[in-house]
Amino acid sequence: MSSTSELQELSLEGVRLALELGASDVECTAAAGNEFSVNVRLREVETIKEASSRVIGLRVLVGKRMGSAYTSDTTPAGLRYMVRSALELADITSEDPFAGLPEPSELGSLEGDLGLYSDDIARLETDYKIQQAIAAEDAALSADPRINNSEGASFDSHLGARAFSNSRGFSASYRSGSCSLSAVPVAKQGDAMERDYFGHSARSSSQLESAIYIGRKAAARVLRRLGSRKVPTQIAPIIFEPRTAKSLLDDLFDAINGGAIYRKASFLADKLGEKIASDQVTIVDDGTIPGLFGTSPYDDEGVPSRRTVVVEKGILKSYLLNTYTARKLGLKTTANAARGVSGNAGVGYGNLYLQKGDRSPEELIASVRNGFYITELIGDGYNPVTGDYSRGAAGVWIENGELAYPVSEVTIAGNFGQMLQNIEAAANDLEFRGSLASPTVLIREMTISGQRSEAE
């Protein structure tokens, strides 16, 4: 794999060449990576994939007109062809008064080790990765005789390097790496079959949860789903476990990203400074936390990553913005530019999370007389323009403050804005297992559409 210094020189050469050929401003990204993936099923290897890549892309501006191109041909001739292609596209595009790079004063990179790369992933042997996947699946299959099938288990790893340079004096690079292990067992009871999964990802193989733990956890999750029932249609409290609660943050992001805001395609447009959620809700985006998957020294425009409070005790404090959307809204970038290797930057998040509360998940469950503990969400029935929300769901019914029996084939519905207002508590079990993270969340009430009563 190319070194960061090689990629940085490559990105600088892209900038130099674009300026030489007529660009007024340039951004150039060079990236390289090695990927590995093994999938096993019923203790036998099904697929192994190993791939490497090296690519360079750039965005050029000629005045207020923009063009972009990318290539895997990093020879001098390949670079020149890429630059000419981008400039030709700029010639035929319309001017955009908001187009442009960040101001030089906004550019920079976080210093120090952010814990994004570990050499131990590079040292992992193929046989070890295969055996880890087999061991995770075996732990699930061996947990209970009712688990008699599997959709497989997988071990994946990635090592990457990325460099970014622009015509305003910024040039930097960094390495990253990750590995992950997951298992998807299938259980049968009578004629009913259920599936569930569990997995873990880490920046270092030494931090990865053990294959036995992952397999047994996946087994426990699928066994809990056996014997599921339907429940009558009703309005009741909802508790989202962390794995499903983080989807609420993903839905919120659709409504707070600058692209949706300036297009007025969000129910939160023009709501800065207003109370949009309960006092229990504080949501933060932080791209600076060492070792996490949403962390980086700078965003994809060369602006240093930062911590942004999005919602503070229910008050909407900030949208998430790149340079373009900030200019459209008359605001400043929040260092949330995100893109591949070319084209206009979109808006992304760093580590977006809901701050934890004081009570345990068990205490939240105990506080609910009758309600629904959700362990899986199905489908995509959310409209960020109106806030309308409807998702298929499965989980466990709560009776008298205890988890009682599994439930499936129901739909939960409401308005996302009202759901935020109805959050009564967040538990104390916040854990970062990706770039989205949430503790267990209790929502006062939602509509649960299930089995109709005979009277209906």
Side-chain angles (χ1 to χ4, degrees), residues 1-21 23 25-35 51-61 66-83 85-86 101-102 104 106-119 121-122 158-178 203 287-288 290-291 293-306 322-323 333 335-346 348 350:
M1 187 178 73
S2 303
S3 68
T4 52
S5 59
E6 289 173 332
L7 292 174
Q8 198 166 338
E9 285 300 318
L10 191 60
S11 67
L12 284 167
E13 178 60 17
V15 171
R16 185 198 67 76
L17 188 58
L19 292 173
E20 176 188 298
L21 294 178
D25 254 327
V26 192
E27 296 172 318
C28 186
T29 300
N34 294 330
E35 296 183 9
S52 61
S53 62
R54 178 167 135 140
V55 64
I56 181 171
L58 83 171
R59 182 177 78 128
V60 300
L61 285 117
M66 188 280 296
S68 66
Y70 69 94
T71 183
S72 57
D73 180 0
T74 57
T75 64
L79 294 181
R80 187 170 288 270
Y81 181 81
M82 173 188 69
V83 171
S85 297
L101 276 59
E106 295 177 304
L107 299 169
S109 179
L110 299 180
E111 297 181 357
D113 182 9
L114 291 175
L116 306 182
Y117 181 88
S118 176
D119 284 327
I121 295 176
H158 176 264
L159 296 169
R162 190 175 180 93
F164 178 80
S165 301
N166 67 21
S167 53
R168 300 197 172 183
F170 179 85
S171 184
S173 59
Y174 64 93
R175 295 189 297 175
S176 63
S178 65
R203 290 289 191 186
T288 72
F293 284 89
T295 298
S296 61
Y298 50 87
D299 76 354
D300 286 338
E301 291 181 312
V303 178
S305 296
R306 67 186 65 169
N322 60 13
T323 298
T333 177
N336 284 97
R339 65 175 145 204
V341 294
S342 67
N344 290 324

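In this structure, the separation between OG on Ser109 and CG on Asp299 is 10.5 Å, given to the nearest 0.5 Å. In this structure, Glu9 CD and Thr4 OG1 are separated by 10.5 Å, a value rounded to the nearest 0.5 Å. Distance check: Asn166 CG to Ser171 OG gives 8.5 Å after rounding to the nearest 0.5 Å. Leu61 contributes atom CG, which lies 10.0 Å from atom OG of Ser68 (distance to the nearest 0.5 angstrom). Here the straight-line distance linking atom CE of Met82 with atom OG of Ser85 works out to 9.0 Å at 0.5 Å rounding.
Here the closest non-hydrogen pair linking Gly343 and Arg59 is O-CD, 3.6 Å. Among all heavy-atom pairs drawn from Leu19 and Val26, the shortest one is CD2-CG2, 3.8 Å. The nearest pair of heavy atoms linking Leu58 to Ala18 is CD1-CB, 3.8 Å. Among all heavy-atom pairs drawn from Gly177 and Ile121, the shortest one is C-CD1, 4.0 Å. Nearest heavy-atom pair across Ala31 and Val341 is CB-CG1, 4.3 Å. Between Ser342 and Ala69, the shortest heavy-atom distance links the atoms CB-O, 3.5 Å.
Residues Cys28 and Glu13 form no side-chain contact, since every pair of their non-hydrogen atoms from C-beta on lies 4.5 Å or further apart. Using a 4.5 Å heavy-atom cutoff, the side chains of Pro76 and Leu17 are not in contact. In this structure, Thr295 and Leu110 have side chains that are not in contact, with every pair of non-hydrogen atoms separated by 4.5 Å or more. At a threshold of 4.5 Å between non-hydrogen side-chain atoms, the residues Ile56 and Thr71 count as touching. Contact check for Ser178 versus His158: side-chain heavy atoms found under the 4.5 Å cut-off. Residues Arg175 and Leu7 form no side-chain contact, since every pair of their non-hydrogen atoms from C-beta on lies 4.5 Å or further apart.
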Tyr81/Asp73 under side chain to side chain contact (heavy atoms under 4.5 Å, CB included): CA gap, chis, key distance, verdict: CA-CA 9 Å; Tyr81 181 81; Asp73 180 0; over 6 Å; no

Given the rule in the side chain to side chain contact (heavy atoms under 4.5 Å, CB included) test, do Leu21 and Val60 qualify, once you have shown the distances and angles that lead to the verdict? CA-CA 11 Å; Leu21 294 178; Val60 300; over 6 Å; no

Could you walk me through whether Leu101 and Leu107 pass the side chain to side chain contact (heavy atoms under 4.5 Å, CB included) test, one step at a time? CA-CA 10 Å; Leu101 276 59; Leu107 299 169; over 6 Å; no

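Between the side chains of Ser296 and Ser305, a donor-acceptor pair is found at a separation under 3.5 Å. In the model, Asn344 has no side-chain atom that pairs as donor or acceptor with a side-chain atom of Arg339 under 3.5 Å.
A salt bridge links Asp300 with Arg162: the distance from a Lys NZ or Arg NE/NH1/NH2 to an Asp or Glu carboxylate oxygen falls below 4.0 Å.
Of the possible polar contacts, one joining the Asn322 side chain to the Gly346 backbone as a donor-acceptor pair under 3.5 Å is found. Checking side-chain atoms of Glu301 against main-chain N and O of Thr323 turns up a donor-acceptor pair under 3.5 Å.
For the side-chain hydrogen bond (donor to acceptor under 3.5 Å, both in side chains) test, no residue two or more places apart in sequence or in another chain qualifies with Thr333. Remark: Glu20 pairs with Arg16, Arg80 by the salt bridge (Lys or Arg N to Asp or Glu O under 4.0 Å) rule, at least two apart or across chains.
The aromatic rings of Tyr298 and Phe164 sit tilted relative to each other, their planes meeting at an angle between 30° and 60°.
The environment of Phe170 atom CZ is dense: over 12 non-hydrogen atoms of other residues, nucleotides or ligands sit within 6.0 angstrom.
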